[in-house]
Participant: 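One structure, as structure tokens, below. Some questions next.
Atom set for the values below is all heavy atoms of this structure, side chains included, hydrogens, waters and symmetry mates excluded. Along the sequence shown, residues are numbered consecutively beginning with 1.
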Amino acid sequence: CELLQLFTLHFMTFDSASTVPDLLSIFHEQEMTETVHETNGHGYLATFVGKNGRFVILRVHSHGLVTIDLQCYEEDNISQLDNLLNALETKLKALLNGNITRIKRLPALIRGAKVDRYWPTADGRLIEYDIDGVVYEEDSAYQNIKILHSQQFGNILVLNGDVNLAESDLAYTQAIMGSGKEDYAGKEVLILGGGDGGILAEVVKQKPKMITMVEISFIVIDGCKMHMRKTCGDILDNLKGDCYQVIEDCVPVLKKYVKEGRMFDYIINDLTAVPISTEPEEDSTWEFLRLILDLSIKVLHPSGKYFTQGNSVNLSEALTLYEEQLGKLSCPVDFSKEVVCVPSYLELWVFYTIWKK
């Protein structure tokens, strides 16, 4: 299929009404056919069709914002289009001299590509990654699993459309382990999730007594052991080693450990981020998070520590709600938090350390 490219230009003007004739003259010079649409008095809206399937949407808002969206197909001459846009921008500045407060031209958005380059941040901003290929994709009973290749971040694990971890993201793994301040030697460690193998690979280096890792989706493990080896090394080639074992499904395991009175020196929760929802009583993700927290604290040694990710530092309301949940656990806890820049997230990310009072 052909790729559709969208170029956008917008500016603010003091007098949007007088702007329309000048703008029309530019498109008429390009031999584009104009169609005017009814807006019921809310500014001006027109579409223009030109050669090679070029399509322009001109919107003039009564408050002064003017937007120009140019759509074209891959087969169109991109350098010619670039020249057209440059000429449009130059002529606009000349025609509307002194009448424009701000003008901005954005890079082209590519639609219909085989590889999706656009992924949202946790706080809803759209990021265009330099992704040039899909190296792995499977569906499990729980989620869609993709591993994409980025030129600067390496391979990136994406679960249900959520960027989870890239090979560049050692900072994430270090932060969720306590940022190098903890000694795991000879300790009992429980990892919840962590199917990319990064945490397991790093903790094993410190020679703990035993690591138990619970990962519900072995399809994630299968993909990561093939395509995320800069993160996991060879640790996922075997699901059992001298000081570690990988087993399935954390909830039944945690409930079993609670009944047995099992205790861990460190618990690392890499299952899910703090939900964005601000309705914790109505959100199933919050319910799951509270269940995991409560069960985990019950199997945490009195002197142990529980590490988990939070979410984007911009989601302050959701993070505050999470901290409120910590005050409702069956066992009283204290906590501290750290803000770390995770490269592939293009965001500052909050990590929590929790311990029993």
Side-chain angles (χ1 to χ4, degrees), residues 142 157 159 164-165 167 169-273 289 291-309 333 338 340 351-356:
Y142 312 101
L157 175 64
L159 301 178
N164 267 239
L165 193 81
E167 291 179 313
D169 295 344
L170 181 59
Y172 176 99
T173 303
Q174 291 175 333
I176 205 169
M177 289 174 55
S179 296
K181 301 170 187 174
E182 306 300 325
D183 181 8
Y184 288 87
K187 302 296 174 56
E188 287 276 358
V189 183
L190 178 62
I191 301 173
L192 308 178
D196 54 77
I199 298 169
L200 180 62
E202 293 301 314
V203 177
V204 162
K205 293 175 184 178
Q206 297 198 32
K207 303 186 184 307
K209 181 179 179 181
M210 176 56 69
I211 307 167
T212 300
M213 175 173 143
V214 288
E215 170 58 60
I216 196 170
S217 180
F218 277 35
I219 298 178
V220 174
I221 292 175
D222 290 341
C224 291
K225 74 181 181 184
M226 291 187 289
H227 302 292
M228 298 281 290
R229 294 186 80 85
K230 289 183 181 177
T231 295
C232 64
D234 61 3
I235 198 70
L236 295 178
D237 292 350
N238 297 291
L239 299 182
K240 192 170 185 178
D242 293 338
C243 66
Y244 73 91
Q245 60 177 341
V246 180
I247 57 178
E248 289 189 82
D249 203 351
C250 71
V251 174
V253 170
L254 280 170
K255 289 180 177 178
K256 175 175 174 286
Y257 288 162
V258 170
K259 287 182 180 179
E260 295 174 348
R262 183 88 179 268
M263 289 287 162
F264 292 90
D265 301 295
Y266 291 102
I267 300 175
I268 303 172
N269 180 356
D270 194 31
L271 289 169
T272 182
L289 185 147
L291 173 63
I292 297 300
L293 257 173
D294 204 46
L295 291 172
S296 296
I297 296 302
K298 288 176 181 177
V299 298
L300 183 66
H301 191 277
S303 61
K305 290 183 180 178
Y306 175 93
F307 298 112
T308 188
Q309 62 168 316
V333 299
E338 178 182 16
V340 173
F351 294 84
Y352 286 93
T353 302
I354 300 167
W355 59 93
K356 293 179 178 179

Participant: Within the side chain of Glu215, is there an N or O that forms a donor-acceptor pair under 3.5 Å with the backbone of Gly195?
Facilitator: yes

Participant: Leu190 versus Ile268: any side-chain heavy-atom pair under 4.5 Å?
Facilitator: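 The answer is no; the side chains never approach within 4.5 Å.
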
Participant: Could you tell me whether a side-chain N or O of Lys356 sits under 3.5 Å from a main-chain N or O of Leu300, the two making a donor and an acceptor?
Facilitator: yes

Participant: Closer than 3.5 angstrom, by distance alone: can the side chain of Gln206 be matched with the main-chain N or O of Pro208 as a donor-acceptor pair?
Facilitator: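 A pair under 3.5 Å: no.
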
Participant: Which residue is it: Asn164, Ile176, Thr173, Leu200? I am looking for the one with a side chain to side chain contact (heavy atoms under 4.5 Å, CB included) to Asp270.
Facilitator: Ile176

Participant: Working note: Tyr352 + Phe307, criterion ring pair (Phe, Tyr, Trp, His ring centres under 6.0 Å); need CA distance, chi angles, decisive distance, verdict.
Facilitator: CA-CA 6 Å; Tyr352 286 93; Phe307 298 112; over 10 Å; no

Participant: Determine the interplanar angle of the Phe351 and Tyr172 rings, folded into 0 to 90°, and report it as parallel if under 30°, tilted if 30 to 60°, perpendicular if over 60°.
Facilitator: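 Judged by the thresholds at 30° and 60°, the geometry between Phe351 and Tyr172 is perpendicular.
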
Participant: Quick check for you: to the nearest 0.5 Å, what is the distance between Glu248 atom CD and Ile221 atom CD1?
Facilitator: 8.0 Å

Participant: Return the minimal non-hydrogen interatomic distance between Ala201 and Thr231, and the atom names on each side.
Facilitator: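 Looks like CB-O, 4.1 Å.
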
Participant: Is the shortest side-chain heavy-atom distance between Tyr184 and Lys207 below 4.5 Å?
Facilitator: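 No. Closest side-chain heavy atoms not under 4.5 Å.
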
Participant: Going by heavy atoms in the side chains, are Leu159 and Leu157 under 4.5 Å from each other?
Facilitator: yes

Participant: Are the side chain of Asp183 and the backbone of Ala185 linked by a donor-acceptor contact shorter than 3.5 Å?
Facilitator: yes

Participant: Main chain of Ile235, side chain of Tyr244: is a donor-acceptor contact present, judged purely on distance under 3.5 Å?
Facilitator: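 Yes; at least one donor-acceptor contact below 3.5 Å.
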
Participant: Is it true that Arg229 and Asp237 make a salt bridge, defined as a side-chain N closer than 4.0 Å to a carboxylate O?
Facilitator: yes

Participant: Report the distance from atom CG of Leu165 to atom CG of Asp196, rounding to the nearest 0.5 Å.
Facilitator: 4.5 Å

Participant: Rounded to the nearest 0.5 Å, what separation is found between the CG atom of Leu295 and the CG atom of Leu293?
Facilitator: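 These two atoms lie 9.5 Å from each other.
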
Participant: For Trp355 and Gly304, which heavy atoms make the closest approach, and how far apart are they?
Facilitator: CB-O, 3.7 Å

Participant: OG of Ser296 to CD1 of Ile267: how many Å apart, nearest 0.5 Å?
Facilitator: 4.5 Å

Participant: Might you point out which heavy atoms bring Val258 and Lys298 nearest each other, and give the distance in Å?
Facilitator: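 Heavy-atom minimum between the residues: CG2-CB, 4.0 Å.
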
Participant: Got a donor-acceptor contact below 3.5 angstrom from the Thr308 side chain to the Asn269 backbone?
Facilitator: yes

Participant: Using a 4.5 Å cut-off on heavy atoms from C-beta on, say whether the side chain of Val246 contacts that of Asn238.
Facilitator: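 No, their side chains stay 4.5 Å or more apart.
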
Participant: Strictly distance-based, threshold 3.5 Å: is any side-chain N or O of Asp265 a donor or acceptor partner for the main-chain N or O of Glu188?
Facilitator: yes

Participant: Give me the atom names and distance for the closest heavy-atom approach of Cys224 to Cys232.
Facilitator: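 It is O-SG, 3.6 Å.
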
Participant: Could you walk me through whether Ile199 and Val203 pass side-chain contact (heavy atoms from CB on, under 4.5 Å), step by step?
Facilitator: CA-CA 6 Å; Ile199 298 169; Val203 177; 4.0 Å; yes

Participant: How long is the straight-line distance from CD of Gln309 back to CG of Leu271, given to the nearest 0.5 Å?
Facilitator: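 It comes to 9.0 Å.
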
Participant: Between Thr353 and Glu338, is there a side-chain donor-acceptor contact under 3.5 Å, judged purely by atom types and distance?
Facilitator: no

Participant: Show the nearest heavy-atom pair for residues Ile354 and Ile297, with the distance to one decimal.
Facilitator: CG2-CD1, 4.2 Å

Participant: Would you give the length of the straight line joining atom OG1 of Thr212 to atom CD of Gln245, rounded to the nearest 0.5 angstrom?
Facilitator: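 Reported value, rounded in 0.5 Å steps: 4.0 Å.
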
Participant: Can you see which heavy atom on Gly178 is nearest to which on Glu182, and at what distance?
Facilitator: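 Minimum heavy-atom contact is CA-CG, 4.3 Å.
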
Participant: Is it the case that the ring center of Tyr257 lies less than 6.0 angstrom away from the ring center of Phe264?
Facilitator: yes

